[in-house]
Amino acid sequence: VQLQASGGGLVQAGGSLRLSCAASGRTFSTLTMAWFRQAPGMEREFVAGITWSGSMTYYADSVKGRFTISRDNAKNTVSLEMNKMNDEDTAVYYCAADPDAGLAVIMRTPRSYDYWGQGTLVTVSS
């Protein structure tokens with residue numbers, strides 16, 4: 001599976017940004033997808049995940065109510081809509097794919113994900 005993330009950039013605090021991740025190489029609709037992020041000097045952390053059908057999502061507490069993950073299986077894409085952003089959202093964002101998750105399972109540890117995009121930098125200015 002090849003993943004290509006895009007959409008990062010500079011945004012003011014309180015603003016919005018939308019990240020996208022395009023997948024190829026495997027039937028996308030069989031993959032649980034997630035977004036992770038990694039700030040300088042910090043470990044990679046789970047942000048949001050979505051099951052293969054899109055019927056279930058899960059968010060980190062720090063982004064709940066502000067971020068929305070969605071997917072389009074017809075276009076092989078997963079997106080992350082980020083609103084009300086603050087400087088703690090500054091990080092490199094990665095999309096990731098888990099081919100082994102169950103129908104209603106979203107893993108939150110990086111080691112559970114076999115495929116990763118290259119990362120896209122998001123910077124929030126205060």
CG on Leu121 to CD on Gln38, rounded to 0.5 Å: 12.0 Å
Disulfide bond (SG atoms under 2.5 Å apart) pairs, two or more places apart, involving residues 27-66: none
Lys/Arg cation over aromatic Phe28: Arg71, 6.0 Å, 45° cone: yes
Flag, side chain of Gln12 to backbone of Ser126, donor-acceptor distance under 3.5 Å: no
Residue pair Arg108 / Tyr58, side-chain donor-acceptor N/O under 3.5 Å: yes
Chi angles and distances behind the side chain to side chain contact (heavy atoms under 4.5 Å, CB included) call for Leu31, Val1: CA-CA 10 Å; Leu31 302 170; Val1 177; 4.2 Å; yes
Distance-minimising heavy-atom pair for Ile50 and Thr57: CG1-CG2, 3.8 Å
Inter-residue atom distance Asp89.CG - Asn86.CG, 0.5 Å rounding: 4.5 Å
Hydrophobic cluster membership, Phe46 vs Val63, 4.5 Å side-chain cutoff: no
Any side-chain heavy-atom pair of Ser62 and Arg37 under 4.5 Å: yes
Pair listing, disulfide bond (SG atoms under 2.5 Å apart) test, anchored in residues 16-50, at least two apart: Cys21-Cys95
Stepwise side chain to side chain contact (heavy atoms under 4.5 Å, CB included) check, Leu3 with Tyr94: CA-CA 9 Å; Leu3 302 176; Tyr94 299 88; over 6 Å; no
Minimum-distance pair of heavy atoms, taken over all atoms of Ala97 and Tyr113: C-CD2, 3.5 Å
Minimum side-chain heavy-atom gap Tyr59-Ile69 below 4.5 Å: yes
Minimum side-chain heavy-atom gap Thr30-Trp52 below 4.5 Å: no
Heavy atoms of other groups near Glu88 CD, more than 12 under 6.0 Å: no
Validation row: Gln118, Gln4 side chains within 4.5 angstrom (heavy atoms): yes
Heavy-atom check, side chain of Thr51 versus side chain of Val105, under 4.5 Å: no
Arg44 charged N/C atom sitting above Trp116 aromatic ring, 6.0 Å / 45°: yes
Contact summary for Ser29 and Asn73, nearest pair of heavy atoms: CB-ND2, 3.7 Å
Phe36-Met85 co-clustered via ILVMFWY side chain contacts under 4.5 Å: no
Within-4.5 Å side-chain heavy-atom neighbours: Tyr115 and Asp98: no
Beyond-backbone contact of Ile106 with Met56, side-chain heavy atoms, under 4.5 angstrom: yes
Hydrophobic cluster identity match, Phe67 and Val11, side-chain contacts under 4.5 Å: yes
Side chains of Asp100 and Asp114 in contact at under 4.5 Å (non-hydrogen atoms): yes
Approximate separation, where rounding is to 0.5 Å, of Glu81 CD and Arg18 CZ: 5.0 Å
Shortest non-hydrogen contact from Leu10 toward Ser125: CD1-CB, 4.1 Å
Short side-chain donor-acceptor distance under 3.5 Å, Ser16 and Asn83: yes
Closest approach of Ala48 to Leu80 (non-hydrogen atoms, all atoms of both residues): CB-CD1, 4.1 Å
Polar contact flag, side-chain donor to acceptor under 3.5 angstrom, Ser53-Ser55: yes
Spatial distance of atom CD (Glu45) from atom OG1 (Thr109) [nearest 0.5 Å]: 13.5 Å
Nearest non-hydrogen partners of Gly8 and Leu19, listed with the distance: N-CD2, 3.6 Å
